[in-house]
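One structure is given below, encoded as structure tokens.
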There are 4 protein chains.
Amino acid sequence: MNIKARAVEPAPVRRRVVKSASKDADLIRQRRQALITAAVHVFKEKGFHEATVRDIGRVAGMTQGTIYNYVESKEDILYLVCDQIVGEYQEETRKALDTSSDPLTRVRSTVRAVCEVMYRHQEEILLIYQDSHLLDARSRKVILARVEEFIGMFEVILKDASRQLDRPLKSPHLSANILTFLPTMIALRRWSLNRHVTVEEMLDGISEFLVRGLGFGA
Amino acid sequence: MNIKARAVEPAPVRRRVVKSASKDADLIRQRRQALITAAVHVFKEKGFHEATVRDIGRVAGMTQGTIYNYVESKEDILYLVCDQIVGEYQEETRKALDTSSDPLTRVRSTVRAVCEVMYRHQEEILLIYQDSHLLDARSRKVILARVEEFIGMFEVILKDASRQLDRPLKSPHLSANILTFLPTMIALRRWSLNRHVTVEEMLDGISEFLVRGLGFGA
Amino acid sequence: MNIKARAVEPAPVRRRVVKSASKDADLIRQRRQALITAAVHVFKEKGFHEATVRDIGRVAGMTQGTIYNYVESKEDILYLVCDQIVGEYQEETRKALDTSSDPLTRVRSTVRAVCEVMYRHQEEILLIYQDSHLLDARSRKVILARVEEFIGMFEVILKDASRQLDRPLKSPHLSANILTFLPTMIALRRWSLNRHVTVEEMLDGISEFLVRGLGFGA
Amino acid sequence: MNIKARAVEPAPVRRRVVKSASKDADLIRQRRQALITAAVHVFKEKGFHEATVRDIGRVAGMTQGTIYNYVESKEDILYLVCDQIVGEYQEETRKALDTSSDPLTRVRSTVRAVCEVMYRHQEEILLIYQDSHLLDARSRKVILARVEEFIGMFEVILKDASRQLDRPLKSPHLSANILTFLPTMIALRRWSLNRHVTVEEMLDGISEFLVRGLGFGA
DNA sequence: AATGAATGAGACTTCATTCAT
DNA sequence: CATGAATGAAGTCTCATTCAT
């Protein structure tokens with residue numbers, strides 16, 4: 001897909017480098033993955049600050065000393081966690097995107113896909129919204145750049161589809177932000193939604209709302 | 001409007017009681033207000049965990065010992081801060097609501113008002129989204145109850161207006177959530193929006209999106 | 001009574017002077033008495049260190065500032081408390097002493113009296129044994145001097161009575177110490193005694209034991 | 001002696017478990033022993049409350065952080081101290097007990113042994129009487145249970161010996177309490193005794209007193 | 001003389017990080 | 001490379017005492 005090829009990974013966002021005492025790249029990857037998985041688990045439960053390095057180590061099957069062979073600080077772990085969550089969420093969303101059909105249909109299915117993936121990742125997204133601001137400025141920037149890139153992908157999709165409409169989108173960037181932001185409500189407002197709405201109603205409702213709001217409604 | 005009168009301030013959500021060593025109600029209010037103002041300032045800058053009680057005291061012009069005359073714990077301060085922010089945001093929103101015109105017009109002006117108030121309170125709302133989850137369960141519940149009540153107010157407004165439409169809203173509660181949630185994007189996505197959109201475009205865009213999405217578009 | 005007159009108050013033990021900001025002697029006495037009563041209450045419950053000056057003030061109906069008009073430090077209060085407890089205990093014991101009958105009978109009734117007074121004052125005596133060592137050296141000395149004087153009184157009584165025996169007491173001072181110390185078991189071992197022995201058994205048992213041990217048994 | 005065998009170590013009083021961050025049992029024992037020794041030293045000098053964890057650490061050659069690897073709180077240290085003191089005192093007493101001779105002689109030597117061990121441990125016993133009441137309820141219970149068990153051992157010895165007498169002991173439990181309590185006078189009244197009586201006189205006097213009082217006198 | 005708000009020293013405790021084994 | 005014991009900085013909170021009113 002041309003459009004996608006150009007838009008989806010335009011400026012290959014530079015990742016932050018996390019230093020390690022070890023040289024064995026495979027081992028590093030392996031240990032870090034264990035760390036990330038463990039940390040996601042612990043952060044979900046206690047948040048970044050309440051979680052101790054020991055806690056993470058216990059779940060990851062590593063002692064504190066070992067952890068510091070693969071990471072320079074506790075904040076590095078948070079960075080890795082945020083990076084992974086954002087990456088997985090985005091990848092799964094990309095996979096779910098309908099790239100075949102006509103632009104208008106594609107918008108509808110895209111909206112639906114975004115909502116569904118958000119629903120499945122709500123816990124991780126919650127983590128991101130609660131803890132990512134604890135990253136140091138540099139790390140946060142890197143993470144946000146990835147999100148910006150992700151938003152950009154939808155900007156392209158929306159622009160593309162809006163040519164079919166009588167009037168073009170006023171601000172594709174704003175629309176793309178709405179499209180990617182509103183579904184986080186599933187995570188950030190679940191304390192309210194879960195008590196009044198079924199999952200289906202919620203996903204349908206948000207999707208329809210987005211489609212209408214974006215101007216692609218019936 | 002009866003319905004509204006009943007609905008807008010329906011169940012006066014019980015506040016959490018924050019104990020104080022002092023008995024002078026006026027002094028308590030005064031000192032706590034200084035504390036809150038200072039804490040908002042410090043929390044915005046460093047977040048709850050990085051902020052020390054000393055920091056807050058320094059800004060509030062109080063020594064640590066004095067602070068603990070008006071508050072039982074650092075978390076009490078966070079509660080007071082959240083309570084105040086939510087309260088001020090809601091009160092200002094209520095004031096901005098158009099209660100005179102016809103239901104349809106009212107929805108439009110309501111949407112706009114919500115967005116504008118959010119724009120003015122974006123820093124505080126950001127604080128809420130970044131730190132309120134650090135409250136203990138009980139405090140968080142109280143705060144969320146206030147928000148739920150706030151959402152309920154919009155639910156009533158939307159229900160009311162939807163009678164003018166051909167088809168009623170499917171889920172007023174979901175709609176009210178969207179109406180109150182989407183504007184937080186102004187705070188939570190400002191790192192992206194500020195770089196591509198002017199304030200006016202943003203407020204217009206979100207408002208129009210909401211009106212359309214809710215089904216009250218042209 | 002000659003003997004008593006000479007022995008009971010031989011070296012009028014100098015009290016420690018507790019300074020006061022007030023000049024009105026009556027008021028001082030009155031307020032201090034309230035303080036002492038309150039402090040005894042609070043110290044019994046929480047011990048000296050856990051008790052705050054506020055606690056004592058609350059029970060005494062005085063604010064912190066007022067307290068420091070009649071006392072220079074929290075430790076002063078402890079001194080006053082110890083002084084009062086020791087004084088009351090000793091006075092009540094003195095009153096209970098049989099000064100009329102013959103020396104041998106007198107020993108028996110003295111022993112019994114000491115035990116009974118101890119029983120009635122067990123809580124205060126416990127307080128003394130748990131907290132009096134927290135006094136500064138000077139205060140402790142004063143208190144101990146009063147006790148020493150008290151012991152001396154019994155030394156005289158025992159010496160007096162031992163003339164009736166075939167063989168005199170080897171060490172009247174040691175005997176007087178035993179006579180005054182053993183009954184504290186009622187306070188210091190009540191956690192053990194109360195579970196196995198009735199009050200009567202305990203008082204009888206200790207009294208008989210003392211009489212026999214002192215050499216005045218049948 | 002069967003009876004004794006059963007009675008002396010009857011219900012192995014459950015110790016309180018003190019948690020540790022370390023897993024190396026040997027190291028734990030070693031560090032805790034250093035801690036206990038240091039704490040005994042410091043507590044003797046300043047008492048529990050005036051002693052800081054730093055003080056203890058300084059004497060033990062450990063930093064504060066290290067201490068908390070082997071103990072969960074300052075109170076844990078107090079518990080360990082009390083436990084050790086009581087244990088050592090009791091063990092030494094047990095060792096000193098004469099188990100060979102006839103019951104009557106045994107009582108006499110038992111009494112003497114108890115007094116002598118008390119004399120050697122007076123400083124620690126003083127510490128117990130001054131600080132053990134600062135333990136939390138649960139720890140205190142455990143300690144007292146050990147003492148009760150200890151008292152029980154003497155109860156058996158006394159019962160055993162009293163069969164040789166014309167009249168049996170009225171209350172062996174009370175007698176055992178007296179037997180184990182009176183010697184604490186050596187510690188608790190040393191401020192009085194040391195000034196008037198030699199050590200020998202004191203030990204002889206108390207021993208004879210106990211033997212006579214218990215009914216085993218000449 | 002009484003009040004009680006303010007002070008500030010100091011205590012206990014936690015935990016990210018280091019480093020010898 | 002792994003371990004986990006040791007470190008020590010830093011933070012929250014308490015409370016005896018002071019002092020302006």
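The analysis underlying the following values was restricted to heavy atoms, covering all of them including side chains, and did not include hydrogens, waters or symmetry mates. A, B, ... follow the sequence lines: proteins, then strands. Residue 1 opens every chain.
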Item to check | First encountered from the 5' end of DNA chain E, between C:G61 and B:R54 | outcome: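 The answer here is C:G61.
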Least distance between heavy atoms, [X] atom then [Y] atom:
X	Y	value
D:N69	D:S20	O-OG, 2.9 Å
A:E50	A:D55	O-OD2, 4.0 Å
D:A21	A:R54	CB-NH2, 4.0 Å
C:Y68	C:E72	CE2-O, 3.7 Å

Checklist entry - Is there a side chain to side chain contact (heavy atoms under 4.5 Å, CB included) between D:E124 and D:I128 once you walk through the steps? => result CA-CA 6 Å; D:E124 289 76 24; D:I128 290 285; 5.7 Å; no
For the residue pair [X] and [Y], establish whether any side-chain heavy-atom pair is separated by less than 4.5 Å.
X	Y	answer
D:Y79	D:I143	yes
A:I56	A:F43	yes
B:K44	B:V40	yes
B:L35	B:R31	no
C:Q30	C:D26	no

Any side-chain N or O of [X] under 4.0 Å from OP1/OP2 of [N]?
X	N	value
A:N69	F:dC1	no
A:Y70	F:dC1	no
D:T63	F:dG8	no
D:T66	F:dA5	no

Item to check | Distance in angstrom units between B:I67 CD1 and E:dG8 C1', rounded | outcome: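 So the two atoms are 13 Å apart, to the nearest Å.
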Item to check | Distance in angstrom units between D:D55 CG and E:dA11 P, rounded | outcome: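 Going from CG in D:D55 over to P in E:dA11 covers 8 Å.
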Checklist outcome for this item: Secondary structure of DNA chain E per the Watson-Crick/G-U criterion (both distances under 3.5 Å; [ ] crossing, | other strand, . unpaired) is .||||||||||||||||||||
Checklist entry - Looking at residues 20-40 of chain B, who's got a heavy atom less than 4.0 Å off DNA chain F? => result none
Item to check | C:F48 vs C:V81, side chain to side chain contact (heavy atoms under 4.5 Å, CB included): CA-CA, chis, key distance, verdict | outcome: CA-CA 11 Å; C:F48 179 71; C:V81 160; over 6 Å; no
Please list, for nucleotides 18-21 of chain E, all pairs of protein and nucleotide N/O atoms separated by less than 3.5 Å.
none

Next on the checklist: Set out, in order, the CA-CA distance, both residues' side-chain angles and the distance that settles side chain to side chain contact (heavy atoms under 4.5 Å, CB included) for C:V18 and C:L80, then state yes or no.
Outcome noted: CA-CA 8 Å; C:V18 176; C:L80 292 174; 4.1 Å; yes
Checklist entry - Should we count NE2 of C:H41 as having more than 12 external heavy atoms under 6.0 Å? => result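 No, not enclosed.
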Next on the checklist: side chain to side chain contact (heavy atoms under 4.5 Å, CB included), that's the test. Do C:L135 and C:C82 meet it? Break it down for me.
Outcome noted: CA-CA 9 Å; C:L135 290 167; C:C82 290; 4.0 Å; yes
Checklist entry - Under 4.0 Å between a Lys/Arg side-chain N and an Asp/Glu carboxylate O for C:R16 and C:D83? => result no
Item to check | Positions of residues 46-53 of chain B (non-hydrogen atom under 4.0 Å from DNA chain E), listed by number | outcome: none
Checklist entry - Near DNA chain E, which residues from residues 74-84 of chain B have a heavy atom under 4.0 Å away? => result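 Those residues whose heavy atoms fall under 4.0 Å from DNA chain E, taken from residues 74-84 of chain B, amount to none.
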Mind listing the side-chain donor-acceptor pairs of residues 59-66 of chain B below 3.5 Å, one per line with the distance, residues two or more places apart or on another chain?
from	atom 1	to	atom 2	distance (Å)
B:T63	OG1	B:T66	OG1	3.1

